[in-house]
Each structure stands twice: as structure tokens, then as C-alpha cells.
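The sequence lines fix the lettering, A, B, ..., with proteins before strands; numbering per chain opens at 1.
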Amino acid sequence: MPGLSERIERFFEELPPLLSGVEGMVARGKAYRKALCEAGLAGLDVPAGYGGGGYGPPAKALFAKLSRGRIPAEDDIFTIGLGMALPTLLEFAAEHLRRRYVEPALRGEEIWCQMYSEPGAGSDLAGLQTRALRTAGGWVLNGQKIWTSRAEIAQFAICLARTDVDAPKHKGITMFVVPMDQPGVTVRPIRQITGACEFNEVFLDDAVVPEDHVVGEVNGGWPVAVALMQNERSAIGSGGGRRPVPFEKLRDLVHDRGRAADPRVRGDLADCYIGQRLAELLSELEAESVDAGTPLGAETSLGKLWRSTNGRAAAALVGELAFATGTAWQTGDDREDWAYAVLDACALSLGGGTDEVQKNGIAEKVLGLPRDPYRTDKVPFRDLTVGTQRD
Amino acid sequence: MPGLSERIERFFEELPPLLSGVEGMVARGKAYRKALCEAGLAGLDVPAGYGGGGYGPPAKALFAKLSRGRIPAEDDIFTIGLGMALPTLLEFAAEHLRRRYVEPALRGEEIWCQMYSEPGAGSDLAGLQTRALRTAGGWVLNGQKIWTSRAEIAQFAICLARTDVDAPKHKGITMFVVPMDQPGVTVRPIRQITGACEFNEVFLDDAVVPEDHVVGEVNGGWPVAVALMQNERSAIGSGGGRRPVPFEKLRDLVHDRGRAADPRVRGDLADCYIGQRLAELLSELEAESVDAGTPLGAETSLGKLWRSTNGRAAAALVGELAFATGTAWQTGDDREDWAYAVLDACALSLGGGTDEVQKNGIAEKVLGLPRDPYRTDKVPFRDLTVGTQRD
Amino acid sequence: MSLLITAEQRMLQDGLEQLLTRHAPPDSGAELWHQLADELGVVGLCIPEEFGGAGGTFTDLAVVMEAMGRTLYPGPYLSSAVLAVHALLLSEDVAAQGDHLPNLARGRLLGTVIAEDLCEIDGRILATSNSGRVTLSGTASSVLDGLSADLLFVVAEDGEQQSLFSVDPSTAGTTRIPLTSLDLRRDAARVTFAEAPAQRIGPPGAAAEIVPRLRQIASLAIAAEQVGGASRCLDDACEYAKVRYQFGRPIGSFQAVKHACADMYQHVRSGHVAVRHAARCLDAGSPESPSAIAMAKVYCAEAYIACAAANLQIHGGMGFTWEENCHLHYRRARASAMWAGAPDRHRQWLADQLLAR
Amino acid sequence: MSLLITAEQRMLQDGLEQLLTRHAPPDSGAELWHQLADELGVVGLCIPEEFGGAGGTFTDLAVVMEAMGRTLYPGPYLSSAVLAVHALLLSEDVAAQGDHLPNLARGRLLGTVIAEDLCEIDGRILATSNSGRVTLSGTASSVLDGLSADLLFVVAEDGEQQSLFSVDPSTAGTTRIPLTSLDLRRDAARVTFAEAPAQRIGPPGAAAEIVPRLRQIASLAIAAEQVGGASRCLDDACEYAKVRYQFGRPIGSFQAVKHACADMYQHVRSGHVAVRHAARCLDAGSPESPSAIAMAKVYCAEAYIACAAANLQIHGGMGFTWEENCHLHYRRARASAMWAGAPDRHRQWLADQLLAR
């Protein structure tokens, strides 16, 4: 990769003027991507034929290293598209789809989201109920998706839907590319317990998908989804996504609230440090294992479990210190941010697979403990009870 | 119950000379029982026809109150016989068995034990494998029992054995009265992690039981066992059996080791107090509920769960305080007793139904959560895998 | 005294819960308050009959607070019917009692209390006497229902001592601004006094006796509310676990969910008996009161947090949305744990009692 | 330096574990010790090559201690090959090193250390110099392998300072009695010096530097042993959960057992990486060493207790018997947690590091 380092360096040096004056999250995100693409630095590990750099993983790692702390925050709007949708398209989609969609995604001209979870299909994603029917004019989708980040700005989605209700649940699912800008797609933001809206619900009412926009085989969507989720879990386990309150902020809070001599607070702070440091070290070990050629296993779940533990511990400490004198505040008080942090931590044991699901995975896949004897693998989907059964 | 109080008072006043000079656990226990019987105070709530007092439960409660702290410790050898076996005989056994066995048990002339658990049947007692075959000379039993307290001194046992392997597991079990003094019965003590031997294994090799020594119906032993276990759980939950280190001893240890000013130790001690006090209060509430006519439910499991929690908490505190300067000792050092207490506490979450079994019970019976969908209720016993399956 | 709830108390609790459920927010304003005062008579629960109240016991109060906790009731009960009423009762100032208790009992007057541990005192509140006229100066934050209160009972530095005063916040010298609360169902304000005219309640120095006792009563009331909230979390979690199907079965059939619910049940039953016991100790004037109350406050605060978190976890992603009540309980659990002494402070107070010889 | 165990280390660990498993107690005496010294060379692991040792690193030591923890090895490795060796190395007393290290490396000499936090000092141990002759007086309990040691390295009060001494316990003035240990696989003795002749090692006052550093090394070694023990508990629990059937299915198919095993796995993997990290910090002389070691000792001590308790619980009633190894791990976990500084002391030391600015 001769000269790559220099090109990356130069790009980031020249970046600020290119973005100056560009306002708004989407506009700034797109401007950054465009510049990156024009510098020949977008999708370094994507084959050149699809608009990428055609380098291998080392180039990607080099870019990650040199770009640390220099990428504008607005590039986050492409994380799902480039981190999840694009690898899926490259690995599983037909050539005409890759030709059509990969390069515009790399250039930031089209934003993607993914539509997997449903109100009735969370931990048991394979229980999803969104139906896709093949018609003369293409596929018609009906159903409801949930936890869809970026749906409000995305032009396309990769989306799982049920194409055969007579098959067992894993065998009747298909992956589609769904155009979002159509009357059959309605996006509604979900307000979270923090008050913020990170996610959306997406309602599909006779949403239309071209006949040839199937990714992989019809009724063969499940293995595609599994590959994707493994990436997602690893990303969450090793650094991506939501984080507990960082130790340094906890330490400063202890000082700030004058509790640095309180032995119990000191002990709790030490435990917060231990949890966060061990999570870092495990992720360092995991990276070393991967470099040494050991494939990623369910052990990545450990990082996820540590985040839950660390999130809970940090929330408990913050709850006790930040609100020691009172639990109400004027706008601008630091308690406002601490309250957000305490509430937000609740998601750490839920998003990306609950703690319970992670522990099942460790027990079965790493430790070899037997699966639950009650299985529904062979029951036709139409005979399964799924979702929330309120009268 | 006119005059009963006075008779009980008089009995305990006159007791010491009756026991003086009697040596040995069994001899002293029997001497106490004999005296009690002669004073007309044994089995106050047992019908007079079977050698009891013929009073109702209030008389029993009165006796319990007046006798508190005055019953010699050696009477413990009759706890299982009188607390478990005798009520079972009275409720479920045929008249000839009650006539034969109840009065000698009350008089302390015959000691009883119960043979339920097996090495292969712990939490799943209904998976028991001891076989009973009906022959011309009576029933012949083969198998192995475990956790049998008092088997080493007992003359009789109530014992569950399988009489039909083609029936589902709950439907092929029968309850027997087994004479212990016979060549077919071998008792071997179990050494526990504390080094003490409270329990035994009992090996049944062609042990013989008279034809008419069945309690209840043949193949109808399970409901009999369930009734009994409910009594056992209640006894453990509300006061009987093994206990965590009492709070007062923990408090004294904190003072003795000079840690009464250590905020974390203080906090841990307070938590030990809270757990033990709440367990007491719950048991007071339970007693009040029973008095008010509410039947005992799976809520008694709470007492059991609190004991586990309290045992663990006390063991952790003791472990930290008693061994703060060193973990080895000369005979006679108080660390010897503390070590016993720390190890013994491990049994609190096991004996009388594991914590896991208690929680299942609360979830299903109190909270109405659905049972596990994997059921073996209808599988013939011979087709079930049971016990420990090592090659 | 019994740990069992009486038939009358059960009836009161059920009736109250039904009423509060019917009037769920945002429909829970003045009308509901007057129903609580006039129809159920719970607003004057703690007020002696001679002042127009119901003369209820602390166990009765616990029963009411449990129902309010279950329904996340947002009204000024704790501030006015518990804190203000008991501040007056503890003051033994018969004149002030005669002036205010009847109106407090009828719900026509709303009071709240400004004192250490019951709100946040910024620095100190100073009382100044000038030719028989007393004024207060100072600031307090996180004052429960401070904006809606008609009368503030304020503990202030009165020379060398601490005394109790009343301030009419509508007169000049008092300014109030609303605050954002961690508990979305509990209003709080910042109150600033600048030479605000005040009336002394009870003799000078009376607050030294009143404040710790009031904190005990506040701790009992909030512990009862916490148990109520925890029991509602348990019920909601169990209900959801029965109707939510994943992997072809209700999630409540999974052992992990069962055991989480069993743990919640243990918290709820144990918390209930802790509160009930603390209330009977207070009613009986038992020497066990301080430790019983500290125990109840420690245990119930942490039990509510644990149950609110478990409820949220069992609800999965839905629990993380604004639409479900899960977060309201979690917010209240976190907030109320810190009020009237954080769990660890009560734990240390309890240890003081236990280790004394 | 890498967190991954090297191929050589893996081979050493596996070989060691096989050897130690073959020679399970009571068959683990002198012969096994000489195999460890001569065939595997692990007795001299920490000793520089110039003194006949292997010149191993702290990460190597961690690898060895993990294997010993897994197999509940009862021999004098910790006392002699770790404590005595490092006391000598830290003393920088070249003469004493030359005298003893070669024999320690070959396993021909057994040493142990008497110092604060590594055993129990009853009062103080006093050194008295009299015309060039030094004697020690005082008593220590819970001395690791104190009965079998050929040479005692003793920290004693030397005027105003603390110095390191060696004492030959076979000479007059030293009496030793065996003690009962909570850890049944670890021998301990009570050692009394009454004007016992001693040799000073290193300059007067050297112990001030040696003791805290030796405690760090001891903490690392015991943390590694704890991780080994915890990992064995995990393996034993999983093995049992697969073969033990109740309710017509292996108990390992129940979620409660699965999650308990998953928690153990988290403890074991996290403990392993904590030890590995602490060892590489020590090897590199990193300023992170004190906090990395405190973290390892806190975490591994508590992880071992948790895993030993979980293993016992999963084994059910069988776990409560003398026959299963469950209790040996539980005893060792409880005992070793208290050695070289109880978890809470390390937690406070860690907080000292973290809160320093």
C-alpha cells in the first residue's frame, strides 16, 4: 500500500476547509463521504470494481488507526449502511444489486438502514411476522419493524420478511432490499426512556419491492441474517454502540462530589474500574486471537456482558453521587446529563441481544452445555405462537 | 385443657433428676421420651387411642411455648420420626400399622428415619430407582438411599421405592415401612465438607418388607411423599434444621476483631441483620396467616431462600473477619468453629430443595408463571434417563 | 400488633388503588385531590379527629403509601398530608395546629416542608428577628411540590438553634421556580427567601427534636411507597411474561425469567413486612423504631430499584421506550432511594444501633 | 507484550497439569517435587540462569501457578519457589543469593518467608545484635510450609528499621508446631523464635523496600492460582451438568445452570486476562503494575470464591460431601482470598492509585 499513509494524512489535513460552512447532520455526513471518495479512501477493503479501494483488511486497519479522532461525528449516519448492509450485499447479493447499490453507498449518496426486529420478534428474531407476497408487480410487504436506526433518513433498507408460513420458522424467511421512499413505508420515531429518539418503528403497508431485489435465496434469508448478527454482536462487544459512563468521568464525579475519602464509594469506584479495564483487556485479547487466526466465537458475548455489568455499576454509583443532595435540577445543571446516563444504561443489557441470550450462547456454544429439550425447529411457522398475545 | 399448663410445668421441674446419671445420646433421648410419656405429655395432638394426648393443635402450641429451652438436646434423635414419619403413618397408613408403630414411637422405644433421596434422585425425587418387588415372602427392596439422618440408630424407616417401571415416574412409586435391623440393610455415614457426619447412605440389598407394610396404596406413594415434603419445607423455612450464623454472633465477632468502625464491615453487618430480621418477620407473618386460616403455600419457600442468602452473607463476613490475620490455627482457637460455620453454610442452599427449585415453585405456584413446556409426566419410567450418566 | 393487613386496610388500599388508576395522569389534578380528601378521607389520615382528620395510625399511612406507589400517584400527598402535617404535629404548637390542620385535612391547604434531608439546602437558611418581625433568607432546591404549596414549613437557623417557621410563599420575599425532576411524577421547585416574612412554629430550638423524627416518618412513608412501586413492577413483569411469546413459548416459562420474578417476589414480600414492622414500631413507640425504620428504608429503596430494573429487563426493548411505565418506576426508584437519607446512610445509622453496647 | 499465552507456555502448562494430576495427593511428596525441579525445571523458574534457574518471566510464573491451582497442588511451591526465591532476589544480597539460590533452584533447599501479610505476626519479631551475633525473638503463625522449610527468611524489627534475616530452624531457639489450615491442601505452622541465631540478608533496613514488592509478587502468584482453581471449578461443574440427569434431561439444559456456568466462564476468562496483564506489567516494570496487581488480586480472589460456590451448588448434595473436590476448592478460595491482603484492602489500594491526581 505504498503512499497510503501519506494520502490518508493529507486527506485529514485538507478536510476542515472542505466541510466548513456545511450545515446539518446529513449534509455534513454526505460532504465528508464525498470528499473521502474523491480522495480514493472510501471502502478501502471493497473491491475496486464496486467503487472501493481494492486493498485488503490491513489497509482498513491502517485507516482506522490514522483516522482515530479525526472523522466527523456526522459520519455515524452511514455506520449501519456501511458496517452491516454493505458487507451483506457484497457477500450475498446478486451482481446487479451490488453494481447498483455498493458505490452510491460508499459515496454517501444513499443512506441505508436495516429492518430486522419486530414488536413480536426480539430475542427470537426468527419468529418475525412481516409477510412478503410475490405478485406480478414484484414483492408486496406488510408488517411492522422496530428499532430501526436511521430509517428517517434512509433511502434503502435490508429487510427480513416471511415468504413461507408453512415451513418451520427459520426456513421461510427472505432478505430484501426495500426502497424507503414510497407510500407503503411509514417511519415513526420511538421515544426512549431518556426522552431521546434514536430508533424508529417502520410500518410496511403494501410496500413494494422489485422482483429482483432479493438478497440470497428466497426462503434462504436466515443464514444471511445470522452472519450479519455475528458482526453486530462483535461490534457491540468490542467497541461500537452504547457505552457505560467511562471510568474517568466516574472518578471526576467522585472528586467533584467530595467523596474520595469514603471507603465504600472508593470500593465501588474501584469495582467500576475493574469491570471497564477487564472489558478492555478482553477485547485486546480477542483482537490478538483474531490476528493469530482463531475465529471469533461466542466469546465475544463476554464483552457484551461486561458492558451490562459496567453500565449497571456506573449507573448505581452515579445515581448515588450525582443525586446525593437532590433529585431535581434547573436546565444546565450537570445532573441533567447524569440522569440521561443513568437511564440510558438500561439499554446495555437489552440492545444487541439480552444478557440472557448472551449467557445461553456462552453456555451452549463455548461450554457445550446441552440445548433446551423443548425445540420448535420443525414446527410450521403458522402453528407457532409468536409475539405478544394480549386479548 | 384444664391443668395442662401445670402438668407441663411440673414435668419440666421434675425432669432433671430423672435424667441425671443417664449417659449417651440415645439413652438420654429415650429416658426423656419415657418420662414425657409417663407424664401423659407425649404426642399431645395424637389421638388417645394411639398413645397420644388426644388434644388439638392448641395443646401442642402450649407445650411448645412452655417447653422452650427446656427439652434436652438429645430429643433431636426423634425429630424425624415424630415430625415426619408419625404424621404420615397417622394420615395415610392402615389401622394395623398405626396400632403397631405410633405408640412405641411416641414412647421413644423405637427410632425412625426416612429414606427418600437417592444418589440419582435429588431435586427430581420422583426419578428414584430403588426397586420393590412383591414376592411370596413379602416385598424385596434393592437400591441405594442417601441423606438419611438417624439411619445408624433407627429401627424403622418410611421409604419410597418404585413398584412399576412401566408407569410414568410419579405413578409407579410406593411408600413402605422398612425394618432397619436386617441383613439386607447396610448403613454407611457420609462425611460432609465440614468433616462431620450428619447423614448416611443406606444400601438395600434384598431388604425384606412384610407384605402388609405398605403405607397408602401400592403405586400411590407420590401424594404421600408430597404431603410430607411440604411439612419438611415448612419446618426448614420457619425454624427447623440448619441455620446461618446468628446475627448476635456476627456482631460479637465484629467487636472482637476490632472492626466496629470500618464502614464497609458495618454495612455488611447491617445487611446480615436485615436478612435475618426479615426472615424472622416473614415467619411471624406466616404464622399469623396460618392462624387466620390461610393455608400455607409455596410462600414458605421465601424463608428457605432467605436462609440461603443469610448463610452466604454470614459466611462471607465471617470469612473476612475471622481469618483476617491468618487461615491456620491450633486446636481450640475460635477459628476452628468459624471455619465449620463457613463451610456448613454451603448446605443452606441445597438441603430441603435447592434455591433453584424454590424459585421455580414461587414462580409457578405463587406468581402463576407457565411451567416448562418440556414435560416427562407421561413417559414410562423405563424410558427416562435418570441419575448420573458417567461411562 | 399484627403484621397482617386488616380487612379495613385492605378495603382502603383496594378502593384507593382503583380510584388512582381511574384518574391516571394527566387527568389527576384538583378533582382527584378533593376526592381523596372528602370521599376517602385519606388526605387527613394522619390528623387527629379533633382537627378534622381520621386519626389514622402509621400502619394506615403505610397502606395508603403502598397504593400510591403502585399507581405512581403524582399528587402532593407526601409533601402536604405527610410532611407538613407531621411537622405541625411534632411542633406541639397548638395554635398553629388549630390554624392549619383542619384546612390540611380537608385538602384546602397544601403544605410542604423545607428541611435537611427532605430537600436540598444551598448553604443555610437564616432567620432574622427585627422588632418582633421574623424574616427568612436563603435558598432550597428539590423542594417537594414547592410550586403548588400554599404554605411552607421551613427549618431555619435561629441564632444558635434551629427552629421551625411557616412562610406564605405568595407574599413578597419568596420566589419559586420549577425544576426538572428525575422522578417525572413528582414536582419539585427551587425556593428562594429574601427577607421573607415568617411565623415561628413551636418554641425556638424546636427543630432539633422535630427534624430527626420527621425524617423517620418520611422514611417510613417513602419505604411504603417503594414497596408499592416494587409490587406493581412485579405484577407488570409477570403479566408481560405470561403474554409475551418467544421461541414458541411464553417467556415466563424460561427459568431465567422465572427466577428473576421469584427474586422480585422476595423483594416485595420482604419489603412489605419490613414496612409493616417499622410502622407498628412507630405506632407503639417501640425502642426498635430507629432500627426498624432504617431497615425498611435501606431494604425497600434497594428492592424497588432491583424490581424496577428487572421489570425493565423482562419487558425487553419495549421497557426502554417512553410508552411503557417501566421507566417511570425506574426513575422513581432511583430518585426516592436518595430522599430522606440514601440507603448507605441508613445502613450506617442501622449499624450504629446494632453495634451500640 | 501479548495477552495471548505462547505455545511454549501452553505446553508447559499442559505438561505440568498432567504431571500434577498423575501425582494426586496423598501421592505427592518428595518424588514429585524433584520431578518438578529436575524434569520440568519449574522450581527454579524465577531464578536467573546464573544461579541455576530458568530465568523465567512473571507471565511464566502465572502459567505455572494456574496449573497448580487447577490441580490443587499441595506442595511448597508458593513458599519456596516464589516467596523465598523472590525475597532473596529482592534483597540484592549477592552472597546470600549465591549461597541459596542454586539449592532452591534444584529443589534441594526449601525456604519460606515470615513477613507481614504473608503470615500472621503475633506482636512483633525483634532482632537483637550482640557482639556481631544476631538473634531473633518473636512468634509467627499461619506460616506457609513452615514445618517443612529448611530455611526461614524473616522480616524483623532491627532497631528503628525492618531488615531481612535468614534463620536455620533446625538450630536451637526455633520451635515449630503444625497448625490446622482452612485450606486442607496447604500446610502451615506456628514458628517461635527465642533468641534464634539469624543471618542478616541485605543491608539493615532493606525490608522496607522488599516487603511491599514481595507482597505484589505474592499477590500475582496467588491470583494466578485462584484463576486456575476457578477454571477447574468451571470445568468440573460443566462436566457434571452434562452427565447429571434430573427431570428427564441433563441439568446443564436448565437455564439456571447454564447461566451459572456462563457467569463462571466470565469470571475465569476475566480473571485470566487480569493475571496475564498484571504479569506483563510486572515483567515490563510498568507504572501500571500496582493497580494491575491490585485489580488481579481483588478480582481473582472473589471470582474463585464465586466459582467454587457455584460448582458446589451445581453438584447439589454431592458437592457437600467430603468425597468430591468441591469443598477443597471452596476452602482454598476462602483461605487464599485472605492471603497477601484481603480483597477489600486491595480494593482500597487500587482506589488510592485511581484517585491520585
Over 12 foreign heavy atoms within 6.0 Å of [atom1], [X]:
{"X": "D/Glu323", "atom1": "CD", "result": "no"}
{"X": "B/Arg375", "atom1": "CZ", "result": "yes"}
{"X": "D/Lys242", "atom1": "NZ", "result": "yes"}

Q | Flag side-chain contact, heavy atom, 4.5 Å: D/Leu312 against B/Leu350 | A | yes

Could you look at [X] and say if it's the side chain, the backbone, both or neither that has a heavy atom under 4.5 Å from chain D?
{"X": "B/Trp147", "result": "side chain"}
{"X": "B/Arg191", "result": "both"}
{"X": "B/Lys359", "result": "neither"}

Spell out, as yes or no, whether a donor-acceptor pair under 3.5 Å connects the side chain of [X] to the backbone of [Y].
{"X": "D/Gln246", "Y": "B/Gly120", "result": "yes"}
{"X": "D/Ser142", "Y": "B/Ala328", "result": "yes"}
{"X": "B/Gln389", "Y": "D/Tyr245", "result": "no"}
{"X": "D/Arg334", "Y": "B/Leu343", "result": "no"}

Q: Please name the pair of heavy atoms, one in D/Arg331 and one in B/Ile193, separated by the smallest distance, quoted to 0.1 Å.
A: NH2-O, 2.7 Å

Q. How far apart are the closest heavy atoms of D/Gly248 and B/Tyr374, and which atoms are they?
A. O-OH, 3.5 Å

Would you mind telling me which of [options] has the largest number of heavy-atom pairs within less than 4.5 Å of chain B?
{"options": "D/Glu120, D/His327, D/Glu116", "value": "D/Glu120"}
{"options": "D/Ala188, D/Gly317, D/Ser141", "value": "D/Gly317"}
{"options": "D/Gly341, D/Ser181, D/Ala342, D/Ala260", "value": "D/Ser181"}

Q.
Ignoring hydrogens and geometry beyond distance, is a side-chain donor-acceptor pair present between D/Gln313 and B/Ser349 at under 3.5 Å?
A. yes

Q. How many angstroms lie between atom OG1 of B/Thr194 and atom CZ of D/Phe320, to the nearest 0.5 angstrom?
A. 5.5 Å

Q) When rounded to the nearest 0.5 angstrom, what distance separates CD1 in D/Ile314 from CD in B/Glu356? A) 8.0 Å

Need one label for [X]: side chain, backbone, both or neither, based on atoms under 4.5 Å from any heavy atom in chain B.
{"X": "D/Thr180", "value": "both"}
{"X": "D/Ala335", "value": "both"}
{"X": "D/Phe247", "value": "both"}
{"X": "D/Leu184", "value": "neither"}
{"X": "D/Glu239", "value": "side chain"}
{"X": "D/Arg190", "value": "side chain"}

So which residue, [options], ends up with the most heavy-atom pairs under 4.5 Å with chain D?
{"options": "B/Ala121, B/Ser117, B/Cys346, B/Pro119", "result": "B/Cys346"}
{"options": "B/Gly127, B/Ala339, B/Ser123", "result": "B/Ser123"}
{"options": "B/Thr331, B/Ile146, B/Val342", "result": "B/Val342"}
{"options": "B/Asp333, B/Asn360, B/Thr325, B/Thr376", "result": "B/Thr325"}

Q: Using a strict cut-off of less than 4.0 Å between a Lys/Arg side-chain nitrogen and an Asp/Glu carboxylate oxygen, indicate whether D/Arg347 and B/Glu320 qualify as a salt bridge.
A: no

Q. Any ion pair linking D/Arg249 and B/Asp372 (charged N to carboxylate O, less than 4.0 Å)?
A. yes

